[in-house]
Amino acid sequence: MFKWKEIPKIDAHIHLLPDDVIEANRGYGDVFVDYGSLSDYLNIMDKYNIESSFIMPFNDPYMLSMDFNVETVHFNLKKMVSCAPTRLRCFADVDIRNNIDQTITELENTLFQSEFVGIKLHPTNTGYPIDGIYYDGIFQYASDNGVLVEIHSYPREHLKDDVCSPRRINNVLSKYPRLKVSIAHLGGFQYEELYGFNAYFNISSVLPDIVKRFGIGEANKILRSIGVDRLIFATDYPDSRSLKPTEIYETYFEILDKMDFTFEEAEKICRYNVLKWKG
């Protein structure tokens, strides 16, 4: 019998903030400010046998910089990674206030750096649909250059056409069949719309929510229906709709320990599927 807590793993979706952003925003009860410290997170990695983690931006420069531009966001992300270069990586940010030519130039200037794994798109934060025309330039660039794109997808349940809904992501995949995509949060409670997608799917944020609604057994079936070879371990630390930040990792491992994955399958979910991103 094995424990998920003890398996060496990659957390493919977390959030950390630069020290100056944390200091400027203390005292407001913001979860990212209160729990997004790099030094604190490195201790968490040691505790839970996390070999590497990927820091995600927000598509909101006010969250990751004090002068509120995407260039500084990338500088800050790289600086955080440089503090633990064998343990951290990050994703490039996008600011849709800039015209698409500026965005592509910034991505070109950023993604050649080894600290960056891919591009993060967060249509809910921007309020702009993932299949909107602005993103076409990004998807074309990513498809042409083999760059992975991580898409936030936790839509409102009653809106099949929400800005981050799986149906809109399917429009993107139909248009760019060679695009390398990771879908964050399993599409929320529209997960059934994901079946058959040529993409990876991470379990960040959503796993405890699915278990809370359906129970362990049904959650187990949902993950298996998506496919072991496409699942990615991720938590969205320190963010959660149903857990305190201090509960996230313990709860994830308690849930996964009760599921029927073999050790070999758990290794795929924890590490090996992510390593395919480089291929």
Side-chain angles (χ1 to χ4, degrees), residues 12-15 31-32 54-64 70 73 90-98 100 103 107 117-143 147-177 179-210 212-213 222-223 225-226 230-232 234-242 277:
H13 190 117
I14 68 160
H15 296 282
V31 67
F32 299 109
F54 298 163
I55 307 171
M56 292 289 170
F58 299 89
N59 291 183
D60 179 354
Y62 290 82
M63 292 291 291
L64 275 166
V70 71
V73 168
C90 58
F91 274 62
D93 202 8
V94 167
D95 185 349
I96 69 169
R97 298 177 304 173
N98 297 331
I100 190 61
T103 290
L107 290 173
V117 174
I119 302 166
K120 170 67 184 299
L121 297 179
H122 200 309
T124 299
N125 280 355
T126 62
Y128 187 84
I130 195 62
D131 56 351
I133 192 169
Y134 183 89
Y135 290 129
D136 275 344
I138 297 172
F139 291 133
Q140 189 66 64
Y141 166 80
S143 182
V147 175
L148 179 78
V149 179
E150 169 107 352
I151 300 174
H152 167 94
S153 183
Y154 204 132
R156 290 166 287 184
E157 289 182 60
H158 63 290
L159 292 180
K160 296 298 184 181
D161 63 345
D162 204 350
V163 291
C164 63
S165 68
R167 289 188 183 180
R168 288 189 181 273
I169 296 173
N170 191 42
N171 293 338
V172 173
L173 294 175
S174 297
K175 192 171 184 178
Y176 302 97
L179 186 66
K180 293 167 61 176
V181 171
S182 171
I183 300 174
H185 323 307
L186 296 185
F189 287 99
Q190 294 186 26
Y191 56 86
E192 291 176 317
E193 301 281 341
L194 299 174
Y195 295 162
F197 278 27
N198 182 23
Y200 291 96
F201 308 90
N202 81 49
I203 59 175
S204 62
S205 185
V206 74
L207 180 63
D209 303 346
I210 289 176
K212 185 176 181 180
R213 179 174 299 188
I222 290 168
L223 295 190
S225 67
I226 289 171
R230 296 192 174 277
L231 287 173
I232 302 291
T235 62
D236 211 13
Y237 180 88
D239 194 27
S240 173
R241 288 166 169 79
S242 57
W277 287 357

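No hydrogens, no waters, no symmetry mates; every other heavy atom, side chains included, goes into these values.
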Any side-chain donor-acceptor pair under 3.5 Å between [X] and [Y]?
X    : Y    : result
D93  : N59  : yes
T103 : Y134 : yes
D209 : S242 : yes
N202 : H185 : no

Can you find a pair of side-chain heavy atoms, one from [X] and one from [Y], that are under 4.5 Å apart?
X    : Y    : answer
L64  : F32  : no
C90  : V117 : no
S204 : Y237 : no
Y200 : I183 : no

List in chain and number order the residues that pass ring-ring contact (aromatic ring centres under 6.0 Å, His included) with Y135, two or more places apart in sequence or in another chain; answer none if no residue qualifies.
Y128

Measuring from atom [atom1] of [X] to atom [atom2] of [Y], what distance do you get when rounded to the nearest 0.5 angstrom?
X    : Y    : atom1 : atom2 : value
E150 : W277 : CD    : CH2   : 5.5 Å
S182 : L148 : OG    : CG    : 6.0 Å
F58  : M63  : CZ    : CE    : 4.0 Å
D236 : I14  : CG    : CD1   : 10.0 Å
I151 : K120 : CD1   : NZ    : 10.5 Å
T126 : I96  : OG1   : CD1   : 4.0 Å

So, does [X] use its side chain to make a donor-acceptor pair with the main chain of [Y] at under 3.5 Å?
X    : Y    : value
S165 : K160 : yes
H15  : M56  : yes
S174 : N170 : yes
Q190 : L159 : yes
D162 : C164 : no
S225 : I222 : yes

Can you tell me which residue pairs pass the salt bridge (Lys or Arg N to Asp or Glu O under 4.0 Å) test with a partner in residues 125-134, sequence neighbours excluded?
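Sorted result for residues 125-134: D131-R168.
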
Could E193 and R167 be called an ion pair, given the rule that one side-chain N must be under 4.0 Å from one carboxylate O?
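Counted as a salt bridge, because a side-chain N and a carboxylate O are separated by less than 4.0 Å.
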
Minimum heavy-atom separation for I100 and G137, please, with both atom names.
CG1-CA, 4.2 Å

Mark yes or no: R241 above the aromatic ring of Y154, with NZ or CZ under 6.0 Å from the six-membered ring centre and no more than 45 degrees from the axis.
yes

H13/F91 under ring-ring contact (aromatic ring centres under 6.0 Å, His included): CA gap, chis, key distance, verdict:
CA-CA 9 Å; H13 190 117; F91 274 62; 8.2 Å; no

Heavy-atom neighbours of K175 NZ exceed 12 at 6.0 Å
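No - once you tally the heavy atoms of other residues, nucleotides and ligands closer than 6.0 Å, there are 12 at most.
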
